[in-house]
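Single-structure report; data block below.
Residue numbering restarts at 1 for every chain, and letters A, B, ... go by the order of the sequence lines.
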2 protein chains.
Amino acid sequence: MPLPQTEAPGRLQSELMSRGLRMTHQRRTILTVVETAKQHLDAAQILRQARRLDPGIDRVTVYRTLSLLKRHGLIDELDLMHMQGEKHFYERRPQRDHIHMACLRCGKIAEFESDLFDRLKGQIQRECRFHIVVSRLEVGGYCAECRASN
Amino acid sequence: MPLPQTEAPGRLQSELMSRGLRMTHQRRTILTVVETAKQHLDAAQILRQARRLDPGIDRVTVYRTLSLLKRHGLIDELDLMHMQGEKHFYERRPQRDHIHMACLRCGKIAEFESDLFDRLKGQIQRECRFHIVVSRLEVGGYCAECRASN
DNA sequence: CTTAAGTTGAAACCCAGTTGCAATAGATTA
DNA sequence: TAATCTATTGCAACTGGGTTTCAACTTAAG
């Protein structure tokens, strides 16, 4: 389930520095891992990948960096319908929100962008007078392949 | 944040029994708590409430019953944008899906139904050929009151 | 009333994530 | 370039929601 590689690598780095945060070696490593990830990674996977670049890095630093990135709106946290226990997954925040579809049979995660989704968020903001900062739409069900092979 | 009391009490009980599951005293108690809840409860709150009706009940039984109800599609599990740590919240599955809006300032949870949401799910099913079983749309942001009082 | 299978409670366990704190290392200033 | 200030790191211990194991107990069926 490859993600669209839409932004130039290094975007997150420069984004953080411009916000006055210290750019440490560890943060650079973790940012690189998140930026170049081809699928949704959980904290343990990010740690493992980061250690291949910097063996001394600690899991605490990974957790702290992820929550920093989340607080600054640079990454999004996903649950993917809790199909893999209580793990959380992370992805670079996209320019345009998308929907995550989790197949309850094969476990595949697909993504989908939709005007209707954008319009729905607009409706919420207007009719509920609610200013949206983050949104997350996850659906669980059965993908086309799994429906066919049954 | 009262929830609409749209279904007759006892619905979950009869639903479960009709599926051939044993109706134990503990399950009846937990079902009653979930059915009569006026807001979203987490597992610990459900346990506390259940113990007021049946002091001997164990937290393991609460967890087991909640996952049973979830497996049977009778309740939905919510994260509410992880505003209260990693807790999960539960609500009786409504006839019609709704959106949860979590205010990042006051913590209030509001609900919203929308035709656009239903249409969006229809679009997903058609265009992605994905059969939806559960869906969850949570948004985090700032409610009208919190935006005003600033 | 018997019985077999489903369910419970208690204790131990698991594991993702957090906290406290001393040591370290970015960034800033001179 | 060196001194300094303060954010950040790593380690170890901890937290807490949720799970597993298994003997004892109920429920529903016969």
Side-chain angles (χ1 to χ4, degrees), chain A residues 12-34 40-51 53-72 74-75 77-90, chain B residues 12-14 16-34 40-51 53-72 75 77-90:
Chain A
L12 292 190
Q13 265 100 319
S14 42
E15 194 67 38
L16 268 191
M17 291 185 73
S18 74
R19 297 181 194 218
L21 290 160
R22 282 193 190 169
M23 187 44 55
T24 65
H25 184 238
Q26 293 90 329
R27 282 185 182 164
R28 220 186 309 274
T29 303
I30 294 166
L31 287 170
T32 301
V33 170
V34 173
H40 304 100
L41 304 176
D42 65 15
Q45 290 173 307
I46 293 170
L47 172 63
R48 227 174 299 128
Q49 297 260 86
R51 280 204 167 137
L53 302 171
D54 172 1
I57 209 163
D58 194 84
R59 62 202 198 93
V60 174
T61 303
V62 170
Y63 284 119
R64 283 195 278 231
T65 302
L66 289 174
S67 84
L68 179 80
L69 293 169
K70 197 173 61 170
R71 275 202 310 282
H72 284 266
L74 298 177
I75 59 173
E77 188 181 21
L78 313 169
D79 300 287
L80 302 181
M81 297 313 274
H82 303 120
M83 293 205 329
Q84 333 245 338
E86 303 308 310
K87 290 194 192 78
H88 294 166
F89 298 86
Y90 300 90
Chain B
L12 292 190
Q13 264 100 319
S14 42
L16 268 191
M17 292 184 73
S18 74
R19 297 179 194 220
L21 291 159
R22 284 195 189 166
M23 187 44 55
T24 65
H25 184 238
Q26 293 91 329
R27 282 184 183 164
R28 221 185 309 275
T29 303
I30 293 165
L31 288 170
T32 302
V33 170
V34 172
H40 304 100
L41 304 175
D42 66 15
Q45 290 173 307
I46 292 169
L47 173 63
R48 228 175 298 129
Q49 296 261 88
R51 279 206 167 135
L53 303 171
D54 173 0
I57 209 162
D58 194 85
R59 64 203 198 92
V60 175
T61 303
V62 170
Y63 284 119
R64 283 195 277 231
T65 303
L66 289 174
S67 83
L68 179 79
L69 293 169
K70 197 173 62 170
R71 274 202 310 282
H72 284 265
I75 60 173
E77 187 180 22
L78 313 170
D79 300 286
L80 302 181
M81 297 313 274
H82 303 118
M83 294 205 327
Q84 334 246 335
E86 303 307 309
K87 289 194 193 79
H88 294 165
F89 298 86
Y90 300 90

From [atom1] of [X] over to [atom2] of [N], roughly how many Å is that when rounded to an integer?
X     : N      : atom1 : atom2 : result
A:Q84 : C:dA16 : CD    : P     : 12 Å
A:H82 : C:dA16 : NE2   : P     : 14 Å
A:L47 : C:dA16 : CG    : C1'   : 12 Å
A:L66 : D:dT9  : CG    : P     : 12 Å
A:K70 : C:dA16 : NZ    : C1'   : 13 Å
B:D79 : D:dG18 : CG    : P     : 10 Å
A:F89 : C:dG17 : CZ    : C1'   : 15 Å
A:E86 : C:dT18 : CD    : C1'   : 17 Å

Side chain of [X] only, heavy atoms from C-beta on: which candidate in [options] is closest?
X     : options               : answer
B:I57 : C:dG9, D:dC11, D:dG18 : C:dG9
B:R22 : C:dG9, D:dT26, D:dC11 : D:dT26
B:R59 : D:dT9, C:dA12, C:dG17 : C:dA12
A:V60 : D:dT19, D:dA12, C:dT8 : D:dA12

- Message: How close do A:I30 and A:A50 get, counting heavy atoms only, and between which atoms?
- Response: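 Scanning both residues, the minimum pair turns out to be CG1-CB, 4.4 Å.
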
Checklist line | 5'-most by nearest nucleotide on DNA chain D - A:D58 or B:A43 | finding: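 The residue closer to the strand's 5' end, by nearest nucleotide, is A:D58.
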
Sequence neighbours excluded, the answer for ring pair (Phe, Tyr, Trp, His ring centres under 6.0 Å) partners of A:H82 is B:H88

| task | Select from A:L21 and A:Y63 the residue whose nearest nucleotide in DNA chain C is closer to the 5' end of that strand. | result |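 This one resolves to A:Y63.
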
Does A:K87 or A:T24 map to a spot on DNA chain C nearer the 5' end, using the closest nucleotide for each?
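Looking at the nearest nucleotide for each, A:K87 comes out on the 5' side.
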
A side-chain contact here means heavy atoms from C-beta on lying under 4.5 Å apart; do [X] and [Y] qualify?
X     : Y     : result
B:V34 : B:Y90 : no
A:T24 : A:T61 : no
A:L31 : A:M23 : yes
A:T65 : A:Q26 : no

Between B:Q45 and B:D42 (side chain of the first, backbone of the second, donor and acceptor by atom type, cut-off under 3.5 Å), is there such a pair?
yes

With respect to the phosphate group of [N], does any side-chain polar atom (N or O) of [X] fall under 4.0 Å of OP1 or OP2?
X     : N      : result
B:T61 : C:dG9  : yes
B:H88 : D:dG18 : yes
A:Q26 : C:dA25 : no

Q. Which part of the nucleic acid, if any, lies within reach of A:G85 when heavy atoms closer than 4.0 Å are counted: base, sugar-phosphate only, or nothing?
A. nothing

To the nearest 0.5 Å, what is the distance between CZ on A:R48 and CD1 on A:I46?
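So the CZ of A:R48 and the CD1 of A:I46 are separated by 10.5 Å.
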
- Task: Confirm from the modelled atom types if B:R64 and C:dG9 form a donor-acceptor pair under 3.5 Å, side chain to base only.
- Result: yes

With five pairs defining each end axis, the helix from C:dC1-D:dG30 to C:dA30-D:dT1 comes out bent, to 10°, by 40°

